[in-house]
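Here the structure comes first, spelled out in structure tokens, and everything after it is commentary.
All of these numbers come straight from a predicted model, not from anything done at the bench. Throughout, a chain's letter reflects where its sequence line sits, starting with A, and its residues are numbered from 1.
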Amino acid sequence: MTKKHPMDTDLDQRIWLTVCAIPAGKLSTYGDIAERAGLPGAARRVGAALRKLPHGSAVPWYRVVNASGKSSLPPGRNGADRQRRLLADEGVLLRSGGVSVLKRYRW
DNA sequence: ATCTTGACAATTG
DNA sequence: GCAATTGCCAAGA
């Protein structure tokens with residue numbers, strides 16, 4: 001059969017698993033997760049996959065930030081603020097964001 | 001098959 | 001440091 005490998009259709013699955021591997025108290029970037037998931041250069045795919053996560057998922061989506069060390073979510077109580085809060089609960093303070101935060105907590 | 005769309009990233013002014 | 005520009009890659013329509 002001309003069917004593709006199972007993995008090819010489960011990009012999201014693979015990305016989620018990778019994100020789940022980020023230890024609490026640390027964080028990673030979309031680009032790094034993509035690379036670890038075997039999708040180098042597909043940082044945007046990571047965002048797309050995380051976006052599909054059902055509310056209340058066990059996947060620690062909030063441990064993923066952009067290369068600038070900031071939240072890529074839209075500002076607001078259900079966006080960037082929420083992410084900042086969840087990270088703060090694990091001892092990761094983005095403060096004003098920045099590369100320094102990454103150097104400090106990057107997985 | 002073509003065009004648009006993004007929770008991105010590196011470069012440039 | 002911020003905004004615009006360009007490159008990226010896979011999903012959707």
Spacing between A/Arg51 atom CZ and C/dA11 atom C1', to the nearest angstrom: 12 Å

Should A/Val64 and A/Val99 be counted in the same cluster of Ile, Leu, Val, Met, Phe, Trp and Tyr side chains packed under 4.5 Å apart? no

When rounded to whole Å, the CD to P distance for the pair A/Glu35 and C/dC8 reads 16 Å

Write down the distance between CD1 (A/Ile15) and C1' (C/dA11), rounded to a whole number of angstrom. 12 Å

DNA chain C: stems of at least 3 consecutive Watson-Crick or G-U pairs whose donor-acceptor distances fall under 3.5 Å: B:2-6 with C:9-13, B:8-13 with C:2-7

Select from A/Val99 and A/Gly41 the residue whose nearest nucleotide in DNA chain C is closer to the 5' end of that strand. A/Val99

Side-chain contact test, heavy atoms from C-beta onward, threshold under 4.5 Å: evaluate it for A/Arg63 versus A/Leu87 and give yes or no. yes

Smallest separation among heavy atoms of A/Arg84 and A/Leu94, with atom names: CG-CB, 4.2 Å

Roughly how many Å is it from CG in A/Leu50 to P in B/dA7, rounded to a whole number? 11 Å

Nucleotide C/dG12, atom P - distance to CG of A/Leu11 in whole Å: 10 Å

Regarding A/Arg85 and A/Asp81, does a basic nitrogen lie under 4.0 Å from an acidic carboxylate oxygen? no

side-chain contact (heavy atoms from CB on, under 4.5 Å) partner of A/Val46, the single match among A/Leu11, A/Ile33, A/Thr18, A/Asp12: A/Ile33

Close side-chain approach of A/Arg36 to A/Asp32, heavy-atom, < 4.5 Å: no

Side chain of A/Lys70 - closest among C/dA11, C/dC2, B/dA7: C/dC2

Polar atoms only, N or O, under 3.5 Å: list the protein pairs with nucleotides 9-11 of chain B and their distances.
from	atom 1	to	atom 2	distance (Å)
B/dA9	OP1	A/Gly31	N	3.1
B/dA9	OP2	A/Ala67	N	2.6

Contact check, side chains of A/Leu39 and A/Arg14, non-hydrogen atoms, under 4.5 Å: yes

When you compare the protein's N or O atoms with those of nucleotides 3-6 of chain C, which come within less than 3.5 Å of each other, and at what distance?
none

Nearest whole angstrom, please: distance from the C1' of C/dA10 to the CD of A/Gln13. 17 Å

With no hydrogens and no angle check, is any side-chain donor or acceptor of A/Gln83 less than 3.5 Å from a backbone partner on A/Tyr62? yes

Can you tell me the distance, in whole Å, between the CG atom of A/Leu86 and the C1' atom of B/dA7? 14 Å

Give a yes/no on whether any side-chain N or O of A/Lys52 is located under 4.0 angstrom from OP1 or OP2 of C/dA10. no

Do A/Thr29 and A/Arg106 make a side-chain contact, defined as non-hydrogen atoms from C-beta onward lying under 4.5 Å apart? yes

Strictly distance-based, threshold 3.5 Å: is any side-chain N or O of A/Ser71 a donor or acceptor partner for the main-chain N or O of A/Leu73? yes

With a cut-off of 6.0 Å (strictly less than), are more than 12 heavy atoms of other residues, nucleotides or ligands near CD of A/Glu35? no

